[in-house]
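In what follows, a structure is listed as structure tokens, so that the remarks can point back to it.
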Amino acid sequence: MAMQTVTSWVKKAQIIGTDVNGQPVSRAEFNAMQKEVARLKEENEILKIAAVLLGEHRK
């Protein structure tokens, strides 16, 4: 097993903070949360545009 692989695993498992409930959050969990937030922001923008378009269509 390559040393780089093990180092990567350790970095991903490293605790970098806590959530609002005091539970530890690893770097991998934090990165996953950031991706989820970005996806939700993108979906929200799409829904805003759709709402505007539907509002114009109903006039």
Side-chain angles (χ1 to χ4, degrees):
M1 189 175 316
M3 183 65 145
Q4 185 178 7
T5 302
V6 174
T7 303
S8 174
W9 291 344
V10 169
K11 281 185 179 182
K12 288 179 184 176
Q14 179 184 14
I15 302 301
I16 60 169
T18 57
D19 64 12
V20 294
N21 298 322
Q23 297 297 314
V25 176
S26 71
R27 182 172 308 280
E29 291 169 325
F30 180 76
N31 290 343
M33 284 187 263
Q34 282 186 317
K35 286 180 183 178
E36 178 70 6
V37 167
R39 184 186 66 80
L40 291 171
K41 284 182 178 180
E42 184 177 345
E43 287 179 4
N44 194 31
E45 288 301 315
I46 292 168
L47 290 171
K48 285 180 184 178
I49 293 168
V52 168
L53 292 174
L54 287 173
E56 290 176 0
H57 177 65
R58 292 185 180 187
K59 287 183 180 179

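Since we're looking at a predicted model, the values are computed, not measured.
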(message) Hydrophobic clusters here meaning ILVMFWY residues chained together by side-chain heavy-atom distances under 4.5 Å, can you tell me if Val20 and Phe30 are in one?
(response) no

(message) Testing the basics here: between Pro24 and Glu29, what is the closest heavy-atom pair and its distance to 0.1 Å?
(response) O-OE1, 3.8 Å

(request) Please report the shortest heavy-atom distance between Ser26 and Ala13, naming the atom on each side. (result) CB-O, 3.8 Å

(message) I'd like to know whether CD of Gln4 has more than 12 heavy-atom contacts from other residues, nucleotides or ligands below 6.0 angstrom.
(response) no

(message) Is it the case that the side chain of Asn21 and the backbone of Gln23 share a donor-acceptor pair, with hydrogens and angles ignored and the cut-off at 3.5 Å?
(response) no

(request) Flag the pair Val25 / Met33 as yes when at least one side-chain heavy-atom distance between them is below 4.5 Å, and no otherwise. (result) yes

Donor-acceptor contacts under 3.5 Å from residues 38-50 side chains, at least two apart:
{"residue": "Arg39", "atom": "NE", "partner": "Glu36", "partner atom": "OE1", "Å": "3.3"}
{"residue": "Arg39", "atom": "NH1", "partner": "Glu43", "partner atom": "OE1", "Å": "3.3"}
{"residue": "Arg39", "atom": "NH1", "partner": "Glu43", "partner atom": "OE2", "Å": "2.3"}
{"residue": "Arg39", "atom": "NH2", "partner": "Glu36", "partner atom": "OE1", "Å": "3.3"}
{"residue": "Arg39", "atom": "NH2", "partner": "Glu36", "partner atom": "OE2", "Å": "2.7"}

